[in-house]
Amino acid sequence: MITAQNWTFSSDEALILQQELASQVEHTTRLGPVRYVAGLDVHVYDGMARAAVVVLDFNTLKLVDVGTAICPVAVAYKPGLLAFREGPVLFDAIKRLDIMPDLLIFDGQGIAHPHHLGIASHLGVMLDLPSIGCAKSKLFGHYDELGETKGSYTPLLHEEEVIGAVVRSHDKMKPLYVSIGHRVDLETSVKYVLACCRDHRLPETTRWADKLARRGDKMATKIRV
DNA sequence: GCGACAG
DNA sequence: ATCTTGTCGC
């Protein structure tokens with residue numbers, strides 16, 4: 001069984017694994033009815049990584065389940081290798097959910113990644129669950145001007161290839177970087193992200209996951225003192 | 001050599 | 001991401 005304890009790889013092994021998993025990513029939609037949508041986030045404090053996975057009812061965007069996990073931070077952050085830092089603890093948190101979500105919205109990239117395997121695609125393939133990459137900043141690719149109003153978006157490109165979409169989720173605010181995770185096409189991914197954004201720049205999934213992961217940090221601080 | 005660089 | 005003070009707006 002895969003746990004947080006056996007995710008350690010050398011840089012060379014990580015690259016091989018990314019190439020292997022990238023070949024398994026499905027870029028077309030294979031998605032059932034979406035009743036539950038998940039948000040995932042990790043916060044690091046005092047050398048420990050705390051993960052919160054939240055499950056929202058997609059129709060109401062109300063919280064219906066939470067899974068958490070904690071483990072020592074295994075590796076330093078390196079652009080392109082986020083999944084090896086945050087993936088293990090997220091994996092454990094997902095396993096603790098009572099309600100298995102139909103769709104995962106990650107705080108990071110999908111295939112808009114130097115090796116076409118951001119954390120959303122990496123975890124999506126490992127779990128064989130539909131997933132979307134929804135990052136707050138760009139890792140890879142380039143794009144042209146973007147409209148100022150909510151709902152407008154422009155392709156994120158790598159040379160001539162469309163690898164994602166830069167999406168204005170809120171008027172005049174920084175855009176979101178949406179890309180295919182696994183088993184959801186780009187157009188559908190943008191649709192789901194915007195549906196979760198309601199009145200904020202970030203999707204409700206991300207907002208809830210961030211809040212609960214931070215709560216874990218604060219409780220640790222309190223106990224510590 | 002220099003800039004870019006999810007979280 | 002994390003650290004961290006003052007500042008702006010509702």
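Chain A is the first sequence line, chain B the second, and so forth, proteins listed ahead of strands; every chain is numbered from 1. Keep in mind that the numbers below use all heavy atoms, side chains included, and drop hydrogens, waters and symmetry copies.
Salt bridge A/E148/A/R168: present, at least one basic N to carboxylate O contact under 4.0 Å.
Regarding contacts with the backbone of B/dA6, every side-chain N or O of A/H113 stays at 4.0 angstrom or more from both OP1 and OP2. Between A/S137 and the phosphate of B/dC5, there is no side-chain N or O to OP1/OP2 separation shorter than 4.0 Å. Of the side-chain N and O atoms in A/K136, one or more sit less than 4.0 angstrom from OP1 or OP2 of C/dA1. Between A/R85 and B/dA6 there is no side-chain N or O to OP1 or OP2 distance below 4.0 Å.
Minimum atom distance to the side chain of A/Y45 is reached by C/dC3, of the listed B/dG7, C/dC3, B/dC5. Comparing C/dT2, B/dA6, B/dG7 by their nearest atom to the side chain of A/D107 picks out B/dG7. Each of C/dA1, B/dG7, B/dA6 was ranked by its minimum atom distance to the side chain of A/D210; first place goes to C/dA1. Of the candidates C/dA1, B/dG7, B/dC5, B/dG7 carries the atom nearest the A/D41 side chain, counting heavy atoms from C-beta on.
Heavy atoms of A/G80 sit under 4.0 angstrom from at least one base atom. No contact: A/L40 has no heavy atom under 4.0 Å from any strand. Note on A/Q109: a base of the nucleic acid sits closer than 4.0 angstrom, heavy atoms only.
What separates CD1 of A/I119 from C1' of B/dG7 is a distance of 8 Å, to the nearest Å. Straight-line distance from the NE2 atom of A/H142 to the C1' atom of B/dC5: 17 Å, rounded to whole Å. Taking atom NZ on A/K78 and atom P on C/dA1, their separation rounds to 19 Å, with Å as the unit. Atom NZ in A/K138 sits roughly 16 Å away from atom P in B/dG3 (whole-Å rounding). Here B/dG7 presents its P atom at 21 Å from CZ of A/R50, a figure rounded to the nearest Å. Computed from coordinates, the A/H122 NE2 to B/dG7 C1' distance equals 15 Å when rounded to whole Å. A/L156 places its CG atom 14 Å from the C1' atom of B/dA4, with the value rounded to the nearest Å. When rounded to the nearest whole Å, the span between CZ of A/F84 and P of B/dG7 equals 18 Å.
Looking at A/T29, its side chain never comes within 3.5 Å of a backbone N or O of A/V184 through a donor-acceptor pair.
In this structure, the aromatic ring of A/Y77 is positioned over the six-membered ring of the base of B/dG7, centres within 5.5 Å and planes within 30°.
Note on ring orientation: taking the six-membered ring where Trp is involved, the planes of A/H122 and A/F84 are perpendicular (angle over 60°, cut-offs 30° and 60°).
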- [ ] Kindly determine whether A/V73 and A/R85 satisfy side chain to side chain contact (heavy atoms under 4.5 Å, CB included), including the steps that lead there.
- [x] CA-CA 7 Å; A/V73 176; A/R85 177 172 166 88; 3.1 Å; yes
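Of all heavy-atom pairs spanning A/A52 and A/A213, the tightest one is CB-N, 3.7 Å.
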